[in-house]
Amino acid sequence: MLKIYNTLTRDKQDFKPITPNSVRMYVCGMTVYDYCHLGHARVMVVFDMVYRWLKASGYDVTYVRNITDIDDKIIRRAAENKESIHALTQRFIDAMHEDADALGVQHPDHEPRATQFVPQMLEMIAQLEQNGLAYQAADGDVNYAVRKFDGYGKLSGKSLEDLRAGERVEVTSSKNDPLDFVLWKHAKDSEADEVKWDSPWGKGRPGWHIECSAMGSKLLGKHFDIHGGGADLQFPHHENEIAQSEGAQLHEKGSRGQYVNYWMHNGFVRVDEEKMSKSLGNFFTIREVLKKYDAEVVRFFILRAHYRSPLNYSDAHLDDAKGALTRLYTALKSLPVRPELVEGERVDWSEPYAQRFKDAMDDDFNTPEAVAVLFDLANEVNRSQSPEAAAQLRALAGVLGLLQRDPQAFLQGGAGEGGLDDAAIAAQIEARIAAKKARDFAEADRIRKELLEAGIVLEDGAAGTTWRRA
RNA sequence: GGCGAGAUAGCAAAAUGGUUAUGCAGCGGAUUGCAAAUCCGCCUAUCCCAGUUCGAUUCUGGGUCUCGCCUCCA
């Protein structure tokens, strides 16, 4: 039985889907005005892992990860670059897809863009207004009347009183309450036509929070199973989503309908014990990191920690992850891949290692424990040289989107510029074999040392000499 | 200030009211011409103070420290 830590109740709960055997999941995606950084990588990889595990568990999953392609920062950036909103967002959407693909992130079933769902947002805002939860302020903005929604703060554990006490929001006189948030932003004359939509409240554009409510309910229904995102979205974004989505269906039944059953939030990526973020400027983009580290190493680095724990980024930690992943691939190296035992093959979940793996994953996606099982299995493979054990290792790792490459390709990959090419290495190995045959060990060792200095490690096995990059 | 999360060996990171986490690093042995890889064995641990308990790293209370949210954020 899968258990999920639910932010709403702050405990692990048995997962029971609304519709048997099927899961509807929504994850807040990126605002596309720049390249994705490692924090974004974590969201994508973590929920990709969740998506894969739900599918591996036999669920029919509908996964939606949205794209915010209209927002203040996008408008500002486009103006700075003197390019259209569409050109800017398309550029970074393409870049995001490249990054996600590199990290082995499967495509969500739907990837809605906010600009494609403005009618649905307007519909929801109208409903909120009708339900007495929204009002148009003097400046033309349509705001959500937070105090009218009973239970505001239930997700983030904040009360309106607490929030007011720590008030840091700039009080704009047009809001009835400083905590009210914008549903519809009134258009400014200075803005391009591209960012203006007609509405019953005049030209304007949607607020951020309404996007997810509208896209979620349009694609997954008014009540769905899982909603995920980074821990920083818990408040106010997800709190506001609840207020909107549940507030919009208040008229439908006597009791209030629930928007989402399980709220999941992943922890931050940190740099020197501090949250990685655009505003702090301490971020590393995915593409930047991939210049130095194999994408699978980055994926493994993310999955080696629990999704709710903080994850400290540093080269030392990436090196560590690389070493660990190397051990797994090394275990597979010596054994031929038997195609009938891998691709598309179902894992035998009754097998003890698989059982341990499943128990770990079912316990709120405990990937560190699942990865530990992989290492135990690798040890088994090394000892037994059993093709079945190797196939099982590949299959289980495959559930996490790991270990699917040719081991040799992983172990010998990552040649930087100016590195030795394969032919040169092969020639050196031949020369060393000749020296060894002549029992000229000094020469053989000299060649090995020379290659090692070039980052090439030689390994003399029973089947001959192989090499890998350090 | 309000609310929340956390503190595990040299580093990273799980779990657990008593009994091996796991990876990297280190030490000893096997193997190897010597290495590397691999195997076997070992070494380092549960922030502090009380309490509950036969027994606490785990539960309870207090403290210290760290981080996050309360403004855009994954």
Side-chain angles (χ1 to χ4, degrees), chain A residues 7 10 27-31 36-47 65 68 71-73 153 156-159 161-170 179 181 208 228-237 239 265-270 273-280 283 300-301 304-306 308-312 314 316-328 330-331 333-334 356 360 363 366-376 378-379 381-385 411 436 439-442 444-445 448-449 452 456-462 465-468 470:
Chain A
T7 307
R10 299 185 195 273
V27 170
C28 289
M30 264 50 79
T31 300
C36 291
H37 60 62
L38 240 34
H40 301 119
R42 190 172 192 192
V43 185
M44 291 197 282
V45 169
V46 160
F47 287 101
R65 189 186 64 212
T68 295
D71 132 285
D72 288 357
K73 285 175 181 169
S156 52
K158 298 173 192 300
S159 69
E161 291 64 40
D162 290 344
L163 287 163
R164 291 208 181 84
E167 192 56 67
R168 274 165 38 187
V169 188
E170 197 184 329
L179 294 166
F181 58 91
W208 176 42
D232 46 0
L233 298 187
Q234 198 174 313
F235 187 90
H237 185 54
E239 196 70 64
H265 293 96
N266 65 273
F268 299 125
V269 175
R270 299 195 214 161
E273 304 296 320
E274 213 174 25
K275 176 183 169 184
M276 178 184 290
S277 73
K278 282 273 165 62
S279 43
L280 285 168
F283 63 92
F300 181 74
F301 168 68
R304 207 155 67 120
H306 186 86
R308 286 190 279 117
S309 302
L311 180 62
N312 273 304
S314 75
H317 296 156
L318 265 295
D319 288 337
D320 194 50
K322 184 189 173 186
L325 189 57
T326 297
R327 175 171 165 80
L328 293 179
T330 301
K333 183 180 74 165
S334 54
R356 278 176 59 203
D363 183 16
N366 192 337
T367 54
E369 182 68 32
V371 166
V373 173
L374 259 29
F375 281 100
D376 287 344
N379 177 259
V381 170
N382 286 332
R383 262 183 304 160
S384 68
Q385 289 296 294
L411 296 168
K436 276 173 65 176
R439 302 200 67 77
D440 183 356
F441 294 120
D445 290 351
R448 184 171 64 199
K449 189 162 177 256
L452 185 61
I456 307 298
V457 180
L458 295 190
E459 292 170 356
D460 295 336
T465 299
T466 57
W467 64 274
R468 66 182 163 86

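Note on naming: letters A, B, ... go to the chains in the order of the sequence lines (proteins, then strands), and numbering restarts at 1 for each one.
In this structure, A:Asp319 does not pair ionically with A:Lys322, as no charged nitrogen and carboxylate oxygen lie closer than 4.0 Å.
Nucleic acid contact for A:Gly267: base, since at least one base atom lies under 4.0 Å from a heavy atom of the residue. Among the atoms of the strands shown, base atoms are found under 4.0 Å from some heavy atom of A:Val269. Contacts of A:Leu458 with the nucleic acid, taken as non-hydrogen atoms under 4.0 Å apart, include base atoms. Residue-level contact check: A:Lys73 touches the bases, meaning some heavy atom is under 4.0 Å from a base atom. Residue contacts shown for A:Arg439 are absent, as no nucleic acid heavy atom lies under 4.0 Å away.
In this structure, A:Lys278 and A:Phe283 have side chains that are in contact, with non-hydrogen atoms separated by less than 4.5 Å. Residues A:Phe47 and A:Arg65 are not in side-chain contact: their nearest non-hydrogen atoms beyond the backbone lie 4.5 Å or more apart.
The base of B:rC34 sits with one of its N or O atoms less than 3.5 Å from a complementary donor or acceptor on the side chain of A:Arg448. No N or O donor and acceptor, one from the side chain of A:Asp232 and one from the base of B:rG68, sit under 3.5 Å apart. The base of B:rC69 lies close enough to the side chain of A:Lys158 for a donor and an acceptor atom to sit less than 3.5 Å apart.
Comparing B:rC27 with B:rG18, their P atoms are spaced 34 Å from each other, to the whole Å. With both ends at atom P, the span from B:rC48 to B:rC65 equals 15 Å, rounded to whole Å. Atom C1' of B:rU22 sits at a distance of 16 Å from the matching atom of B:rU44, rounded to the whole Å. Taking the C1' atom of each, B:rG41 and B:rG55 are spaced 30 Å apart, rounded to whole Å.
Listed pair A:Asn379 / B:rU38 fails the phosphate criterion, with no side-chain N or O lying under 4.0 Å from OP1 or OP2. Proximity of A:Ser277 to the phosphate of B:rC72: no side-chain N or O atom is located under 4.0 Å from OP1 or OP2. Contact between the side-chain N/O atoms of A:Lys449 and the OP1/OP2 oxygens of B:rA35 is not found at any separation under 4.0 Å. For the OP1/OP2 pair of B:rA30 and a distance below 4.0 Å, the side-chain nitrogens and oxygens of A:Arg383 include no atom meeting the criterion. Dashed line: the shortest gap from a side-chain N or O of A:Asn312 to OP1 or OP2 of B:rA13 is not under 4.0 Å.
With a 3.5 Å limit on both pairing distances and Watson-Crick or G-U wobble geometry required, the stems of 3 or more pairs in RNA chain B span B:1-7 with B:64-70, B:10-12 with B:22-24, B:26-30 with B:38-42, B:47-51 with B:59-63.
For residues 228-237 of chain A, every residue pair satisfying the salt bridge (charged side-chain N to carboxylate O under 4.0 Å, His left out) rule, not counting sequence neighbours, is listed here: A:Asp232-A:Lys275.
Rounding to whole angstrom units, CG of residue A:Asp363 and C1' of B:rU16 are separated by 12 Å.
For A:His37, taking side-chain heavy atoms from C-beta onward, the closest of the listed nucleotides B:rA74, B:rA14, B:rC69 is B:rA74. For A:Met276, whose side chain is taken as the heavy atoms from C-beta onward, the closest listed nucleotide among B:rA74, B:rG2, B:rA14 is B:rA74. Comparing atom distances between the A:Asp376 side chain and each of B:rA35, B:rG68, B:rU22 picks out B:rU22 as nearest. Checking B:rA14, B:rC70, B:rC3 against the side-chain heavy atoms of A:Phe235 singles out B:rC70 as nearest. Of the listed nucleotides (B:rC72, B:rG68, B:rC39), B:rC72 has the atom at the smallest distance from the side chain of A:Ser279. Comparing B:rA35, B:rU66, B:rU38 by their nearest atom to the side chain of A:Asn382 picks out B:rU38. When each of B:rC34, B:rA74, B:rC24 is scored by its nearest atom to the side-chain atoms of A:Asp320, the top-ranked nucleotide is B:rC24.
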I'd like a list of close polar pairs between nucleotides 4-9 of chain B and the protein, N/O only, cut-off under 3.5 Å.
none

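Of the inter-residue distances, the one linking A:Leu233 atom CG with A:Phe235 atom CZ reads 12.5 Å to the nearest 0.5 angstrom.
Ring stacking holds between A:Phe441 and B:rG33, with the centres under 5.5 Å apart and the planes within 30 degrees of each other.
When the shell of 6.0 Å around CZ of A:Arg439 is examined, it contains 12 or fewer heavy atoms from other residues, nucleotides or ligands.
Both A:Glu369 and A:Ala372 lie close to RNA chain B; mapped to their nearest nucleotides by heavy-atom distance, the more 5′-ward contact belongs to A:Glu369.
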Applying side-chain contact (heavy atoms from CB on, under 4.5 Å) to A:Thr466 and A:Lys333, what does each step give before you reach the verdict?
CA-CA 10 Å; A:Thr466 57; A:Lys333 183 180 74 165; 3.3 Å; yes
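Within the 3.5 Å criterion, the main-chain N or O of A:Ala360 finds no donor-acceptor partner in the side chain of A:Glu369. The main-chain N or O of A:Phe301 is never found under 3.5 Å from a side-chain atom of A:His317 such that the two would form a donor-acceptor pair.
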